[in-house]
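For the numbers below, each heavy atom of this structure counts, side chains included, while hydrogens, waters and symmetry mates do not.
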There are 2 protein chains.
Amino acid sequence: MTMLETMATVDQKKSEMGDAVLADRLREVGLRPTRQRMALVDILLSQGNRHMTAESLYSEATSQGAKVSLATVYNALHTFTAKGLLREISIDSTQSYFDTNTKEHHHFYFEKSGKLEDIEPNHVKLSRVPNAPDGMSISRVDVVIRVDG
Amino acid sequence: MTMLETMATVDQKKSEMGDAVLADRLREVGLRPTRQRMALVDILLSQGNRHMTAESLYSEATSQGAKVSLATVYNALHTFTAKGLLREISIDSTQSYFDTNTKEHHHFYFEKSGKLEDIEPNHVKLSRVPNAPDGMSISRVDVVIRVDG
DNA sequence: CCATAAGATTAGAATAATTCTAGACTGCTT
DNA sequence: AAGCAGTCTAGAATTATTCTAATCTTATGG
Ligand SMILES: [Mn+2]
Ligand SMILES: [Mn+2]
Ligand SMILES: [Zn+2]
Ligand SMILES: [Zn+2]
């Protein structure tokens, strides 16, 4: 290991997925692969499905040495959501969650810890759902199962 | 109509339900029927089922001549919720809603207007629901149908 | 190439939603 | 009717979130 590699390891985590893959994912949706977004998208998309708050993403990015402001984290989360890379979930009045799993699914919400856990769509069956009023259309159906403890 | 009655009508709305009924409702759950709470509980419980935000309740109370601070409205909403007079609903990251209907039911959420509408529980059938993990128990199942427009 | 400009992005400052807590009030108890 | 033990209120403080002026990017063409 060279001196430069050692320093890089200390300063900043190397992305799991290749940087090129992440940059392409951003370009695909029409976003510029900036330094800040690369750091965020790496945390968000290089691991399995995650449920993150602005604060948790900011902490994780910061502790890996990324230089990003909290405002930029908020901007990125909303932009990524608008572009379909994330899905926003409101279950708690104090903070909103962003889900890296954009496929149809539902959630357990653990009230004590504030953690979310995915429920596969086939584990919840909605056998009767009312029609949307007028000429309006249903954009999404969310099922949240709240659990104590 | 006497002079006193006329002034009262201008200054402050008389409760639909009798004040005694509202005061009793508060005492039943162990809360003192203060002037502020009476005004709020009157707005909340004297009409049909409603979905209110702190701000909407504050505006309505204030415009009826009630002297209450916004902080007290928040305190009251949370206290009433803890005592089972209301139910809190988180569907929008910007504001939380308080529902005067505490019976089991679900919601339409109109994304454009930010309004909520009740769905009778028998209009939604959950034929398959996963068990809570471990020794944990399900405290509530919420179904939110998001509608455009 | 390099300059330019149009648009996109960042992040400090501002705002809005919500919570905290010191003081004011209530209703017992003697 | 004075004291006391909570209970309640609301101004102040905090926190989540948004706004916007300044900074960066990237496409263009000389
Ligand atoms: Mn807050
Ligand atoms: Mn806010
Ligand atoms: Zn999820
Ligand atoms: Zn409702």
Looking only at D/dT18, D/dT17, C/dT10, the nucleotide nearest the A/Leu70 side chain is D/dT17

Taking the side chain as every heavy atom from C-beta outward, state whether A/Arg146 and A/Ile91 have any pair of such atoms under 4.5 Å apart. yes

B/Phe98 CZ to C/dA17 C1': how many Å, rounded? 11 Å

Within this structure, what is the CE-to-P distance between A/Met52 and D/dA16, rounded to whole angstrom? 15 Å

What is the distance, to the nearest angstrom, from the CG atom on A/Leu57 to the C1' atom on D/dA16? 15 Å

Output the rounded distance in Å from CG (A/Leu26) to P (C/dA8). 15 Å

Is the shortest side-chain heavy-atom distance between A/Ile145 and A/Tyr109 below 4.5 Å? no

Could you state the atom-to-atom distance from NE2 of A/His78 to C1' of D/dA16 in whole Å? 10 Å

Closest nucleotide of DNA chain D for A/Ala54 versus for A/Arg35: which of these residues is on the 5' side? A/Ala54

Give the rounded distance in Å between these two atoms: CD of B/Glu88 and P of C/dT18. 8 Å

Starting at CG of B/Leu77 and ending at P of C/dT18, how long is that distance when rounded to a whole Å? 10 Å

Donor on one side chain, acceptor on other, A/His107 and A/His51, under 3.5 Å: yes

With side-chain hydrogen bond (donor to acceptor under 3.5 Å, both in side chains) as the test, pick out the partner of B/His105 among B/Asp118, B/Asn122, B/Asp142. B/Asp118

Identify which nucleotide among D/dA10, D/dC8, C/dT9 has an atom closest to any side-chain atom of A/Arg37, counting heavy atoms from C-beta outward. C/dT9

A/Glu88 side chain to A/Ser96 side chain, donor-acceptor N/O pair below 3.5 angstrom: yes

Write down the protein N/O and nucleotide N/O pairs, taken from nucleotides 21-28 of chain C, whose separation is under 3.5 Å; answer none if there are no such pairs.
residue : atom : partner : partner atom : Å
C/dT26  : O4'  : B/Arg32 : NH1          : 3.2

Contacts of B/Thr62 that satisfy side chain to side chain contact (heavy atoms under 4.5 Å, CB included) - sequence neighbours left out: B/Tyr58

Value in whole Å for how far the C1' atom of D/dG11 lies from OH of B/Tyr58: 12 Å

Choosing from C/dT10, D/dT17, C/dA17, which nucleotide comes nearest the side chain of B/Tyr74? C/dA17

Closest to the 5' end of DNA chain C, once A/Val68 and B/Gln95 are matched to their nearest nucleotides, is A/Val68

Measure from the side chain of B/Ala71, starting at C-beta and using heavy atoms only, and say which of C/dT19, D/dA16, C/dA11 lies closest. C/dT19

Reckon A/Ser69 has a side-chain N or O less than 4.0 Å from the OP1 or OP2 of C/dG12? no

Testing C/dT10, D/dT18, D/dT9 for proximity to the side chain of A/Gln36, the answer is C/dT10

Looking across every strand, which nucleic acid part, if any, lies under 4.0 Å from A/Ser96 by heavy atom: base, sugar-phosphate, or nothing? sugar-phosphate

Using a strict 4.0 Å threshold on nitrogen-to-oxygen distance, state whether A/Glu60 and A/Arg50 make a salt bridge. yes

